[in-house]
Amino acid sequence: MSPESATVVGRGPAGLMAATLLAAGGVSVHLVAAAAGSLALWSGRMDFRGWDGGEPVANPWEWWGQHGAEHMDGGDSLGRWSRVWALWGALARELGVGAAVPAANRWAPTPLGHRRPVFWAPPWELALEGGPASLSSAAVVGFTGFPDFDAELAADGFPASVAVDTAWLPKPPGWSPSWTALRYAAYFDTEPGADWLAQQLLGAVGPLAPELVVVPQVLGLEHTGALWRRLERLLERPVREVGLTPPGVGGMRIERRWMRWLLASGVHLHHGRVQSLYDAGGVWLGDGRRAGTGPVILATGGFLGGGLHLGPNGRAEDPVLRRTVGHLGETDSADTILRWGLAMGDPPACGRQVAGCDPDADGDGGAMCLWTAASAVDRVAPELVDRLQRIGQEPISIISHFGDNGGREEALHG
Amino acid sequence: MVEAWQSDRRRTFQPDDACLKCTLCVTACPVYRAEPLFAGPKALGPEWHRTHLANPAVPATAHVDDCTFCQLCEAACPAGVPVAHLIARHKATRRTGVARTLRDHVLARPHLVARAPALAGLSGPLVPLAGLSRHARRPRVQDFRGFGPSRRRGARGIVALYVDCFTRAYDGPAAEAAVRLLADWGFEVAPVPRDSSCCGAAAYAAGQPAAAQQIAAQAAKRLNIPAAATALVTLNATCDGTLRDDWQTFGIPLPLPIVPFAEFALSEAPAAFWEQLAQASSLVSAPTGSLFVHTTCRAKVSRGEGTLMALVRRAGARPAERLDLECCGAAGSYAFKSEHEGVARRLGSLAGQQVGGRPGRLLVDSGTCALHLGQMTGLQPMHPARWLAEFWWPAPGRAPSVG
């Protein structure tokens, strides 16, 4: 039932997920992209359903159980969510960013001192279980000269019942005002950088003896796991990161490992902008190349990703299908156009924008990427996603990690 | 036949000032992570450009020259900003001393060095005086000996083979292998240009865009591609991207598809070739050690990644491991310059850590990357054409033909 090959356009989380499902199912995948994907712009958290009408959702599994039929392709929403999250959980372990898929939302303070629901996050990212009473004290650590994370401000994100101390580390050797989170991460990937951080953290946090140590998301790019474990051993308490504004070190960690996995799995990456679909399969690129073969999945995002072009007259056009999606300001708001809903179109599209939902308000963008990627793959390779669920029947490494608990695994302690 | 020839950079507006400040270019930049003093592509490209337009007298930013011109920032940009090309303009505003200016003038014209290739062996006290790295491995002369036995009419028409100045002087056997393979696939091969000339890549990378355009214009005049040629096959990924993309912006577009050798092989070598090759590769005793592939940064930007892995699979060889590198740090003449030694080594050492001393071969289609990665990993670098040819003609005198 699966084609021999398929083409995925776009390398954000939805495009990579679609490519992964196809590649894991033995389909030869051509991944076409004109620019980087959006993973490098965020921490890599995957939301499920964070908000409902402005109120935090405690248990997104329950929420979808109640509301799933109203959304997207409806049907057995909860069963399908279980399968989709199980695939994500297996992939995350495969990529070495593994953390179990949680049974409910957790919460975390933001860098600006708010609280937000957190569903899936890598193990080094802060996600606290239960209510505020589950934590008695924390130390929030900032870096002098690093404006993206103000420890005092972030500390406001904890409820009053938690005793929060703040600590400031000095500027690392070689620091300049141009240092972003990525620069810190690159430095902490080096041996001298990791040694410096360990020493400074011990000096600043050791005397405070908090229950939890919170740092900005800068614990390396390639050697994060080793550094994180070293710091936890040294401080003898959990150390967790808070995601920051771009450049998103957390998303980069996932993306780099994910691209490596895809390229090692034989996925062919074509760099170029798609001009049109090719009748016999694949796409035409702007430079005249034909790229890819087989059925096409679009994961091109909105305006930024190239999934929509905005003309000077406000006309929003899908540049691949040459189809007018709406007229900005005239008959449609940007909000409507950004959710133009091609999920069930031909070719199928996937991504946070296509499900007719509002991820920015609802906090379900990550889940939308996963769901729509699985739906799009279902369209071009029927039964492949279901086949991937079966345990241990395929000689592909990702399969060997699938559990049979439907994604509802015990969460790592936050 | 391969359909590719137009440039993706052909646009209806100039996106020089379209930067959204999203920082995707910064996340793609390998130098930003390797050199703490390098301010990064966003600051040195579009942000500098805005400042420079307002006040052209503003001096160049320190360490702008650390950019390797890998162009991965441009490939990452969702707004189509020519980030690396803006940085090249930024580099052009630098002021350097006489010795560095002379060195940079020479290194920006590798075709002149290649006409007297032994110059690359410069040694002794002149090396530091000339601003050259003491440690970077230099190329050995292996010049292109021409057409060999394969200059014959091909049943499948004529293809031009772009024998770039580096390959012509220092990896002639790769060009000879390509000529023979193309002939065996049924093509009449026209190696171009007749003598060593540069496409302008080196000058552009070194921050001399005006010189790059001038050098390219001279090269275009000497190219002499036969009118009947159906494709220009390239052997060097850097020249490939320059010919396809930069020549468009120079106003000297080439009227035929420009195709990297490995891509042309996958697309055009007949099925019988691959079948016989798979047999040959199983018959000949394969060299011991692992097989690695490296897709150069410029190939990633201009085409993508996966062709070399596909070539290895198609040839029926043992699976290869891809070097997990963005830019290796060779970057044309970059690694030969004393002030870039540190960054070049830090970038290349990532490959060294991955290989971890394992013996083996490395498929790579850019001469200076091959040199640098050979030094950093201990692997034996090899052009894909030479690698295919070694299976195809495993012993002297054996010359199967499928053409």
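Chain identifiers are assigned alphabetically (A, B, ...) following the order of the sequence lines, protein sequences preceding nucleic acid strands; residue numbering begins at 1 within each chain. All figures in this text were calculated on a predicted structure; none of them were measured in a lab.
- A salt bridge does not link A:Glu222 with B:Arg33: every distance from a Lys NZ or Arg NE/NH1/NH2 to an Asp or Glu carboxylate oxygen is 4.0 Å or more.
- In terms of non-hydrogen atom pairs under 4.5 Å with chain B, the most contact-rich of A:Arg260, A:His30, A:His270 is A:Arg260.
- Side-chain atoms of A:His271 come within 3.5 Å of backbone N or O of B:Val301 as a donor-acceptor pair.
- Separation of atoms CG (A:Leu31) and CD (B:Glu305) is listed at 11.0 Å; rounding is to 0.5 Å.
- Interface residue B:Thr307: backbone and side-chain heavy atoms are both found under 4.5 Å from chain A.
- Residues B:Thr27 and A:Pro247 share a closest heavy-atom pair of CG2-CB, 3.5 Å.
- Side-chain atoms of B:Phe38 and A:Ser178, non-hydrogen and from C-beta on, never get closer than 4.5 Å to each other.
- Listed here is the closest heavy atom pair of B:Met309 and A:Leu263: CE-O, 4.1 Å.
- For B:Lys300, the part lying near chain A is the backbone, with the side chain staying farther off; criterion is any non-hydrogen pair under 4.5 Å.
- Both the backbone and the side chain of A:Thr180 come within less than 4.5 Å of a heavy atom of chain B.
- Here the side chain of B:Arg244 pairs no donor or acceptor atom with the backbone of A:Asp287 at under 3.5 angstrom.
- Contact of A:Arg11 with chain B is not made at all, since no heavy-atom distance falls under 4.5 Å.
- In terms of heavy atoms, A:Ala35 sits closest to B:Cys77 at CB-O, 3.5 Å.
- Taking all atoms of both residues into account, the shortest heavy-atom contact from B:Glu35 to A:Arg183 is O-NH1, 3.1 Å.
- In terms of heavy-atom pairs under 4.5 angstrom with chain A, the leader among B:Cys25, B:Ser302, B:Ala310, B:Pro319 is B:Ser302.
- Nearest heavy-atom pair across A:Leu41 and B:Cys22 is CD2-O, 3.0 Å.
- Within a 6.0 Å radius of CZ in B:Arg345, no more than 12 heavy atoms belonging to other residues, nucleotides or ligands are found.
- For chain A, the nearby parts of B:Ala75 are the backbone and the side chain; heavy atoms of each come within less than 4.5 Å.
- Among all heavy-atom pairs drawn from B:Leu24 and A:Gly37, the shortest one is CD2-O, 3.5 Å.
- Ranked by heavy-atom pairs under 4.5 Å with chain B, the list A:Val249, A:Leu182, A:Val267 is led by A:Leu182.
- Applying the salt bridge (Lys or Arg N to Asp or Glu O under 4.0 Å) criterion to A:Arg253, with sequence neighbours excluded, gives A:Glu241.
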